[in-house]
2 protein chains.
Amino acid sequence: MQTSLSIAEKLRISGLRPTRQRVALAKLLFSEGDRHICAESLHADALAQKVPVSLATVYNTLNQFKFAGLLREVAIEGDRSYYDTNTSNHFHFYNEDEGRLTDIAPGDLVISGLPKVPAGKTIDRIDVIVRLKKIL
Amino acid sequence: MQTSLSIAEKLRISGLRPTRQRVALAKLLFSEGDRHICAESLHADALAQKVPVSLATVYNTLNQFKFAGLLREVAIEGDRSYYDTNTSNHFHFYNEDEGRLTDIAPGDLVISGLPKVPAGKTIDRIDVIVRLKKIL
DNA sequence: TTACATGCAAACTGTTTGCAAATAT
DNA sequence: ATATTTGCAAACAGTTTGCATGTAA
């Protein structure tokens, strides 16, 4: 049985000092199920919870968390970066009308017939985005 | 048997006046097989071919072509927009080390088990990106 | 002739960075 | 005590836009 680590410990293990801001952001991100957020929305969340953090620190923290493997970035469109707290292999719905990202349950969508990869390369990961629009 | 349209005609049908710039850009884009480009690289191409076009017009033209269904945008990462001249349903390799996009041959990768789509929504399209990295 | 397209520069958006002040170890 | 982190504002990259000029119909 595996003891779950405190947030501070998780950060320390990733080589990140558990500062007030990082711990608060990590709590917001990892406390309640999977989340799909962008920098602005996380910043707004933090301020709403009376956690004063600058937007620059939110950006830096998201990058550090991504680099540490605590978050995964999801490319949706050019203008905003989204991050997913679920770093395991899974795919996404993107609701184009509302700009919202949701998970596809693992197994609900399966990829088969992997193409031959060019010599000297490996697959880093496979991103699948099922883009949804309103029926008119 | 289907007569292939001149570039000017294709543009006119899409509701776009075949101006010097648009025709030149369309030629660069559609004359020789499928291409994956971004605004800067198309602009550079145009200048190299002695076609003076402003970068703003390249951006505007790419958007118009996309809107007209002549191009498809491919979301790769936050910082740059890529466009694909192949608008049919197909998937992509993304070479993370070189920042290059290539097609996966149709049939080489297959998706199965489409998940139930939320009520009132349809699938607009499915994007698949197989991200490649160098073997270390 | 008239509506639309272009080019330039300025505006804008999301993101990163430099540096002094604050904080973790 | 020392190295790291924060916050702010300024810098930055990619993209869009306003407006005077040029061009297609």
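Since we're looking at a predicted model, the values are computed, not measured. Here is how names work: the chains are called A, B, and so on, in the same order as the sequence lines, proteins then strands, and each is numbered from 1.
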- Message: Could you tell me the boundaries of the chain A footprint on DNA chain C, defined by atoms under 4.0 Å from its heavy atoms?
- Response: C:dG14 to C:dT25
- Message: I need the single residue from A:Thr102, A:Asp127, A:Asp84 that forms a side-chain hydrogen bond (donor to acceptor under 3.5 Å, both in side chains) with A:His92. Which is it?
- Response: A:Asp84
- Should B:Lys27 and B:Glu32 be marked as a salt bridge (charged side-chain N to carboxylate O under 4.0 Å, His left out) after you check the CA-CA gap, both sets of side-chain angles, and the distance that decides it? CA-CA 8 Å; B:Lys27 241 175 218 150; B:Glu32 33 187 332; over 6 Å; no
- Item | B:Leu55 CG to D:dT16 P, straight-line distance once rounded to whole Å | 10 Å
- Query: NA contact type, B:Asn60, heavy-atom cut-off 4.0 Å: base, sugar-phosphate, or nothing?
  - Reply: base
- Message: Is it true that, when you exclude B:Lys121 itself, more than 12 heavy atoms of the residues, nucleotides or ligands shown sit nearer than 6.0 Å to its NZ?
- Response: yes
- Message: For a quick test of reading the model, state the closest non-hydrogen atom pair linking B:Ser88 to B:Arg72 and the distance between them.
- Response: O-NH1, 3.7 Å
- Which heavy-atom pair separates B:Pro115 from A:Leu109 by the least distance, and what is that distance? CD-CD1, 3.9 Å
- Query: Expressed in angstrom and rounded to an integer, what is the separation of B:Leu42 atom CG from D:dT15 atom C1'?
  - Reply: 15 Å
- Scanning both residues in full, the closest heavy-atom pair of A:Ala46 with A:Leu28 reads CA-CD1, 3.6 Å
- Message: Tell me whether A:Glu96 is salt-bridged to A:Lys133, with the criterion being a basic N under 4.0 Å from an acidic carboxylate O.
- Response: no
- Query: Could you walk me through whether A:Arg35 and A:Asp45 pass the salt bridge (charged side-chain N to carboxylate O under 4.0 Å, His left out) check?
  - Reply: CA-CA 12 Å; A:Arg35 298 198 63 188; A:Asp45 268 30; 2.8 Å; yes
- Item | B:Tyr94 and B:Tyr82 aromatic ring geometry - parallel, tilted or perpendicular at 30°/60° bounds | perpendicular
Find every protein N or O atom lying less than 3.5 Å from an N or O atom of nucleotides 22-25 of chain D, and list the pairs.
| unit_1 | atom_1 | unit_2 | atom_2 | d |
| --- | --- | --- | --- | --- |
| D:dA25 | OP1 | B:Arg12 | NH1 | 2.7 |

- Query: Does A:Thr61 reach the main-chain N or O of A:Thr57 with its side chain, forming a donor-acceptor pair under 3.5 Å?
  - Reply: yes
Within the sub-3.5 Å range, which N or O atoms of nucleotides 10-14 of chain D have a protein N or O partner, and how far apart are they?
| unit_1 | atom_1 | unit_2 | atom_2 | d |
| --- | --- | --- | --- | --- |
| D:dG14 | OP1 | B:Arg80 | NH1 | 2.5 |
| D:dG14 | OP1 | B:Arg80 | NH2 | 3.1 |

- Task: Starting from the 5' end of DNA chain D, give me the residue, B:Ala56 or A:Val53, whose nearest nucleotide shows up first.
- Result: A:Val53
